[in-house]
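Quick notes on the structure that follows.
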Amino acid sequence: MKQREFCIVGLGLLGGSYAIALTNAGCRVTAVDVRAEALDYARGQGWIAEGALPEQAEALLGRAEVIVLGLYPQDVVPWVQQFQPFFQPGVLLTDVCGVKRAVVERVQDVLRPDAELIACHPMAGKEVSGVEYADCAIFRPANFLITPTEKNSAEAIAFAHELGRTLGFRRITELSCARHDEMIGYVSQLTHAIAVALMNANDDPELPLTTGDSFRDLTRIAKINDKLWSELFLENSDLLIQEIDRFSAELGKLRTALEQEDKDALCTMFRASTARRKLFDRTEAEKTQEN
């Protein structure tokens, strides 16, 4: 990993956190971003060796052995089409996109035959955006998902595993693009949808004066990047709608139990949720022991 030169395109929270971890690992890291102040900040922190605006990026892209696409989903394909003439032969691309079906196949269809995309999804973040908030510590408790296709080489897949380890992720998992979007529709997108709905369902100005930890925990992710998450939701809308319907049905069961004053039904639901939550706790404990 140390022998490779990385260029990070899109120096936001994740791109900046990649830069910190890769620089700390001894890699040479450069960056391309539309915000000169983001490049200046990262360079001042020592996270990148060089930075360039898109119109000045030819030299950095031409030297890069690995290009990290820290772009919003709908920007990835147009960016690759515009800038791939500058890539060196044999360049490896990877991404951070939270949806895969809408991105990976499209990129692989337009990508030069002497370049390769190995898609990844770092399941880490904060409720803020921008390189100023970058912190590679967000990777340590998190999952790193790799979504190879039949177009990927064994070498590229091995690189993705090495990248996840270098960045410091707790767990690295391979799955298909379709399975990725199915899982993300539930564990990430639905949870954000619930948080947004919960935050918007009641505008009582006195709520902040009476709220407790449960409300704060449930709505932490309601502070949301509207442009990014609207793209993520729309690019995975078919699966997200299915998950919203499934959640609504389960919430309907709880409502029915309340209407019928059915304490046994409520207790059954509560015991089931407790048991399932313990599975997550056990998995985390086992992983901690492994480390």
Side-chain angles (χ1 to χ4, degrees), residues 1-12 14-36 38-40 42-43 46-97 100 103-122 131 134 136 144 146-167 177:
M1 190 68 70
K2 292 182 180 180
Q3 287 72 34
R4 297 178 188 260
E5 178 163 334
F6 287 76
C7 183
I8 297 173
V9 180
L11 201 58
L14 283 176
S17 299
Y18 267 53
I20 297 170
L22 292 169
T23 295
N24 289 345
C27 304
R28 188 175 193 276
V29 181
T30 65
V32 176
D33 197 88
V34 297
R35 295 174 57 230
L39 298 170
D40 291 341
R43 195 162 41 234
W47 299 342
I48 61 172
E50 295 182 68
L53 298 171
E55 59 269 24
Q56 303 161 338
E58 179 176 353
L60 295 187
L61 294 173
R63 289 202 312 265
E65 298 165 275
V66 180
I67 296 174
V68 178
L69 301 172
L71 302 169
Y72 287 4
Q74 294 177 0
D75 293 334
V76 174
V77 173
W79 188 92
V80 170
Q81 290 176 310
Q82 180 179 354
F83 288 96
Q84 66 175 334
F86 303 142
F87 298 170
Q88 67 164 290
V91 68
L92 193 60
L93 287 80
T94 189
D95 72 319
V96 301
C97 283
K100 296 307 182 191
V103 175
V104 177
E105 183 176 348
R106 295 177 191 173
V107 172
Q108 291 181 332
D109 283 345
V110 303
L111 195 58
R112 285 170 23 187
D114 62 346
E116 183 175 356
L117 169 72
I118 177 65
C120 300
H121 181 190
V131 69
C136 62
F144 189 72
I146 304 170
T147 57
T149 73
E150 69 281 355
K151 295 183 179 180
N152 282 124
S153 64
E155 292 77 13
I157 297 171
F159 163 81
H161 281 267
E162 184 184 6
L163 176 63
R165 291 191 296 271
T166 300
L167 293 172
C177 291

Checklist outcome for this item: Residues Pro122 and Leu14: closest non-hydrogen pair is CG-CD1, 4.1 Å
Checklist entry - Are any of the side-chain heavy atoms of Val91 and Leu93 separated by less than 4.5 Å? => result yes
Item to check | Side-chain heavy atoms of Thr149 within contact of Val104, under 4.5 Å | outcome: yes
Checklist entry - Which pair of non-hydrogen atoms, one from Cys136 and one from Ile20, has the smallest distance, and what is that distance? => result SG-CG2, 3.7 Å
Next on the checklist: Are Ile48 and Thr30 packed together at the side-chain level, in the sense that at least one heavy-atom pair is separated by less than 4.5 angstrom?
Outcome noted: no
Item to check | Beyond-backbone contact of His121 with Thr147, side-chain heavy atoms, under 4.5 angstrom | outcome: no
Checklist entry - Given side chains that start at C-beta, do those of Trp47 and Ile8 come closer than 4.5 Å, heavy atoms only? => result no
Next on the checklist: Looking at every heavy atom in both Leu92 and Ala156, which two are closest together, and how far apart are they?
Outcome noted: CD1-CB, 3.9 Å
Checklist entry - Yes or no on side chain to side chain contact (heavy atoms under 4.5 Å, CB included) for Val76 and Asp95, after CA distance, side-chain angles and deciding distance? => result CA-CA 9 Å; Val76 174; Asp95 72 319; 5.7 Å; no
Quick one: side chains of residues 112-120, donor-acceptor pairs under 3.5 Å with protein atoms, not counting sequence neighbours, listed by atom name and distance.
unit_1: Arg112; atom_1: NE; unit_2: Asp114; atom_2: OD1; d: 2.9
unit_1: Arg112; atom_1: NH1; unit_2: Gln84; atom_2: O; d: 2.6
unit_1: Arg112; atom_1: NH1; unit_2: Phe87; atom_2: O; d: 3.0
unit_1: Arg112; atom_1: NH2; unit_2: Phe87; atom_2: O; d: 3.2
unit_1: Arg112; atom_1: NH2; unit_2: Asp114; atom_2: OD1; d: 3.2
unit_1: Arg112; atom_1: NH2; unit_2: Asp114; atom_2: OD2; d: 2.8
unit_1: Glu116; atom_1: OE1; unit_2: Ser153; atom_2: OG; d: 3.0
unit_1: Glu116; atom_1: OE2; unit_2: Asn152; atom_2: ND2; d: 3.1
unit_1: Glu116; atom_1: OE2; unit_2: Ser153; atom_2: N; d: 2.7
unit_1: Glu116; atom_1: OE2; unit_2: Ser153; atom_2: OG; d: 3.2

Checklist entry - Thinking salt bridges, do Arg43 and Asp40 make one under a 4.0 Å N-O criterion? => result yes
Checklist entry - Side chains of Tyr18 and Val96: closer than 4.5 Å at any heavy-atom pair? => result yes
Item to check | Which residues share a side chain to side chain contact (heavy atoms under 4.5 Å, CB included) with Ala38, sequence neighbours left out | outcome: Asp33, Arg35, Val131
Checklist outcome for this item: Taking every heavy atom of Thr23 against every heavy atom of Gly46, the minimum-distance pair comes out as CG2-O, 3.6 Å
Item to check | Pairwise side-chain contact, Asp109 with Glu105, heavy-atom cut-off 4.5 Å (strictly under) | outcome: yes
Checklist entry - At their closest point, which heavy atom of Cys97 faces which heavy atom of Lys100, and how far apart are they? => result O-NZ, 2.9 Å
Item to check | Separation of Glu162 CD from Glu155 CD (nearest 0.5 Å) | outcome: 12.5 Å
Checklist entry - To the nearest 0.5 Å, how far apart are CZ in Phe83 and SG in Cys7? => result 10.5 Å
Checklist entry - Quick one: are Val34 and Pro54 in side-chain contact, heavy atoms under 4.5 Å? => result yes
Side-chain donor-acceptor contacts of residues 63-72 below 3.5 Å, not counting sequence neighbours, with atom names and distances?
unit_1: Arg63; atom_1: NE; unit_2: Glu5; atom_2: OE2; d: 3.4
unit_1: Arg63; atom_1: NH2; unit_2: Glu50; atom_2: OE2; d: 2.6
unit_1: Glu65; atom_1: OE1; unit_2: Glu5; atom_2: N; d: 2.7
unit_1: Tyr72; atom_1: OH; unit_2: Asn225; atom_2: ND2; d: 2.8

Checklist outcome for this item: Cys27 and Phe6 have their tightest heavy-atom pair at SG-CE1, 3.8 Å
